[in-house]
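Input: a single structure, listed below in structure tokens.
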Number of protein chains: 4
Amino acid sequence: MAAVRGNGDKRKRILDAAVVEIARRGYYNTTVAMIARRAGVADGTIYLYFENKDAILFALFDRAMSRFIEKGRAQIPQQLGAEHKLRRIIELHLELVGEDRDLAIITQVELRHSLHFMGQLSRNQVRDYLGIIADVVAQGQAEGAFTPEAEPLLAAKAIFGVLDEMATDWILSRRNTRLESKAEAVAGLILGGIRLRA
Amino acid sequence: MAAVRGNGDKRKRILDAAVVEIARRGYYNTTVAMIARRAGVADGTIYLYFENKDAILFALFDRAMSRFIEKGRAQIPQQLGAEHKLRRIIELHLELVGEDRDLAIITQVELRHSLHFMGQLSRNQVRDYLGIIADVVAQGQAEGAFTPEAEPLLAAKAIFGVLDEMATDWILSRRNTRLESKAEAVAGLILGGIRLRA
Amino acid sequence: MAAVRGNGDKRKRILDAAVVEIARRGYYNTTVAMIARRAGVADGTIYLYFENKDAILFALFDRAMSRFIEKGRAQIPQQLGAEHKLRRIIELHLELVGEDRDLAIITQVELRHSLHFMGQLSRNQVRDYLGIIADVVAQGQAEGAFTPEAEPLLAAKAIFGVLDEMATDWILSRRNTRLESKAEAVAGLILGGIRLRA
Amino acid sequence: MAAVRGNGDKRKRILDAAVVEIARRGYYNTTVAMIARRAGVADGTIYLYFENKDAILFALFDRAMSRFIEKGRAQIPQQLGAEHKLRRIIELHLELVGEDRDLAIITQVELRHSLHFMGQLSRNQVRDYLGIIADVVAQGQAEGAFTPEAEPLLAAKAIFGVLDEMATDWILSRRNTRLESKAEAVAGLILGGIRLRA
DNA sequence: GATGAATGAGAGTTCATTCAT
DNA sequence: GATGAATGAACTCTCATTCAT
């Protein structure tokens, strides 16, 4: 009965161990043996659950991005106005990244690095995420709340860039501030820009 | 004189070779031998100019960021108004990144990765760059052109994030568009934000 | 009764699977898991029937050589003259080897390899086979049909060598000829030698 | 000056070490580290001279077969009659194989094994050798010394089979007899066959 | 008896670095 | 200064074997 848990459990334990180790040392400086030791399994066991070392990293991305998109879908009501939705996205993004520093290091630092050299597998999910933001921008333009001059996808990338930089900055500066605390100010900048309004 | 140039020449050739190889394969998948071969020197010669493999990467960052800041200083007149300065920074950033795709890959992809795992050496220069942008923001607020609500360093990070994402997106999508062509639209977003002006 | 058959059945299925896999890939490139999969049993089940991987190979040789000697005994009447017996042996050898290419590969290629490195277990049976041929040679000499100069065991080895090379050649050249078709010519050579008779 | 020797020397030392180790344990039970240790070089050095472990085995075959064919060419005068030539081939074959037991083990046991599973690379040289014997058979038929009934290539294979079996038998029986001592008797069998002459 | 997930020793191979020339 | 052959530690991955179920 509980046996079924054993399987999922072990895969999860390997991924959890991988997050910690890779966040701490980077993908290339983390050995499979390190992950195995932290997960409490034998080296060979890793290969029962993942085809090779790369596959662990991909699985990590998958899991992280899925959680991201899923939480976004669950916590942003469809019927909300675009500005509220955008504010919510900004809050959620910073919240989720801020929740698990190790995972954040991986998505901000390793993901970026690997996207380019390990194929495009994971870029698709970033694209999905950008698509969600772009939809909100388009909605805002339809509502007459957002400037019609902005190309939605370009705006989405800009927004993502701001959020991403906040996250990266938070990781690289090892201070102990809460990432979410910036949400209000960031939302102000994104919505209002930097130029003084007449 | 010629001797010194010969010397500097070899160091430069190694760095130039490193840019190409590392951009193509990533730092960890590039061997010292590959760099040596492209530079046209013996493997051992590398170690006459660099203490170890990591040192090559650091030198690469140094050179790239120095060029960046230097060009910025040279091409943005001090007496310009803040908005013009900011527009010029945006143009220059996209221009410079767009000029050398190999170098761009390294600064966008490898730099970020290394910042975290190889110590703070290079982070300082990013900080310098953010400082320059922050100064322009502060200048704009003093001039009454920019919103006084924005904390200059935070705004600088947001601006950097937008530019950085544009650059990263340009690299990851292997399309043949010119990166500079986005400058106008990006400047619009950064200055005016996304919310429709009254 | 059915239980016993079920048992023998599983052992047989494992050996049959082993023949195919080992013939295809060689002993060292065949994993126990491959054999188990083809046999339709679990990996662990193999070890209920064989002490270890080597034991499978030994059992294979045993089975093959037993069939060989057994068929020889059954199909070569004791009262036959030596020359007829020898012709029959030549035919039978080529026939049997030619019947099952997979098994032939194992006896020609793997057996030889293992004879040397896995102990003498199987060499005994080759010796038995050589003994049978040597007896026929001696019988021929007693009958006055074969040359008395030839030392029977040496002659037996020479005969075996010819047959063995024919078999090996047939396996290594992947042509689709029938091995038995060479029997007549081979018998001629063995009996008459290569020198023209006066 | 002597430096040039260093290179050829090292490659030779590796091959010599490989012969001993592989003959003793078989190819698959010999590790690269074992060969390196016996050769007195570091593990990694092996890979400066050979692409991978397989390449060592191939090089061994090449060297062995080249020596074989070369010695054959050097020591068998073209103008000899076919029977003398054939006797000389038989002597030389047994002599050469008998000279270096380790090498013999490899050619008789490992060659055979690998021919089938590692591609056909080396089979070509066996074919060359068979061709040489076949030519002698054809010469003998032209001279009217050998029976015209025998197809030369088939006869060559039969002869090779006899020689090969003698060699294999000599290796597998660990007795201390000299292999060459059988040459006379073997030649008699090959030339005269087993049937008593009228 | 049968299973197959788990083990962990051990394999081949790579590559940053050194140093005799 | 320049070379590049040599090093050997360290990596990823495989697979015969075990044992709890």
Side-chain angles (χ1 to χ4, degrees), chain A residues 1-3 6-7 9-11 14 28-37 39-56, chain B residues 3 6-7 10-11 28-37 39-56, chain C residues 3 6-7 10-11 28-37 39-56, chain D residues 1-3 6-7 9-11 14 28-37 39-56:
Chain A
M1 293 278 160
N7 194 319
D9 189 37
K10 204 154 278 183
R11 191 186 141 92
I14 292 168
Y28 286 101
N29 294 315
T30 300
T31 69
V32 172
M34 288 171 186
I35 297 172
R37 176 185 308 216
V41 300
D43 294 15
T45 304
I46 301 272
Y47 292 88
L48 296 177
Y49 294 92
F50 301 94
E51 202 181 330
N52 50 36
K53 194 187 167 191
D54 285 2
I56 300 175
Chain B
N7 206 325
K10 207 158 268 185
R11 190 187 142 92
Y28 286 100
N29 294 316
T30 300
T31 69
V32 171
M34 288 171 187
I35 297 172
R37 174 182 310 207
V41 300
D43 294 14
T45 304
I46 301 268
Y47 290 86
L48 296 175
Y49 295 93
F50 300 93
E51 199 183 331
N52 52 34
K53 194 186 168 191
D54 284 2
I56 301 175
Chain C
N7 207 326
K10 206 159 270 184
R11 190 186 142 90
Y28 287 100
N29 294 314
T30 300
T31 69
V32 172
M34 287 172 187
I35 297 172
R37 175 183 308 207
V41 301
D43 294 13
T45 305
I46 301 269
Y47 290 86
L48 297 176
Y49 294 92
F50 300 92
E51 199 183 332
N52 52 34
K53 194 187 169 191
D54 284 2
I56 300 176
Chain D
M1 292 279 160
N7 194 318
D9 189 38
K10 206 156 274 180
R11 190 186 142 91
I14 293 169
Y28 286 101
N29 293 316
T30 300
T31 69
V32 171
M34 287 171 187
I35 297 173
R37 175 182 310 215
V41 300
D43 293 17
T45 304
I46 301 272
Y47 292 89
L48 295 178
Y49 294 93
F50 301 94
E51 200 180 332
N52 51 36
K53 193 188 168 191
D54 284 3
I56 299 176

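Chain letters run A, B, ... following the sequence lines, proteins first, then strands; residues in each count from 1.
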When you match D:Glu51 and B:Asp43 each to their closest nucleotide on DNA chain E, which lands nearer the 5' end?
D:Glu51
Integer-rounded Å distance: F:dT14 C1' and C:Asn29 CG
12 Å
So does D:Lys10 get a side-chain nitrogen or oxygen closer than 4.0 Å to the phosphate oxygens (OP1/OP2) of F:dA6?
yes
According to side chain to side chain donor-acceptor pair (under 3.5 Å), who are the partners of C:Asn29, at least two apart in sequence or on a separate chain?
D:Tyr28
5′-ward residue of the pair A:Ala42/B:Val32 relative to DNA chain E:
A:Ala42
In Å, rounded to the nearest 0.5 Å, how long is the span from CG of D:Leu48 to CZ of D:Arg11?
12.5 Å
So, is B:Tyr49 near the phosphate of F:dA2, with a side-chain N or O under 4.0 Å from OP1 or OP2?
yes
Would you list the protein and nucleotides 19-21 of chain F atom pairs, both N or O, that sit under 3.5 Å from each other?
none

Does C:Asn52 or A:Thr30 map to a spot on DNA chain F nearer the 5' end, using the closest nucleotide for each?
A:Thr30
Side-chain N or O of B:Lys53 less than 4.0 angstrom from OP1 or OP2 on E:dT17?
no
Dot-bracket for DNA chain E, please. Rules: Watson-Crick or G-U, both distances under 3.5 Å, ( ) within the strand, [ ] when a pair crosses earlier ones, | for another strand, . otherwise.
.||||||||||||||||||||
For atom CG of A:Leu48 and atom C1' of F:dA16, their distance in whole Å:
14 Å
Look at all strands and tell whether D:Thr31 reaches a base, only sugar-phosphate, or nothing, counting heavy atoms closer than 4.0 Å.
sugar-phosphate
Please state how far atom OH in D:Tyr28 lies from atom C1' in E:dG12, giving the value in whole angstrom units.
13 Å
Kindly compute the distance separating CD1 (C:Ile46) from NZ (C:Lys10), expressed to the nearest 0.5 Å.
10.5 Å
Take atom CD1 of D:Ile56 and atom P of E:dG12, then tell me their distance rounded to the nearest Å.
9 Å
Heavy-atom pair of closest approach, residues C:Val32 and C:Tyr47
CG2-OH, 3.7 Å
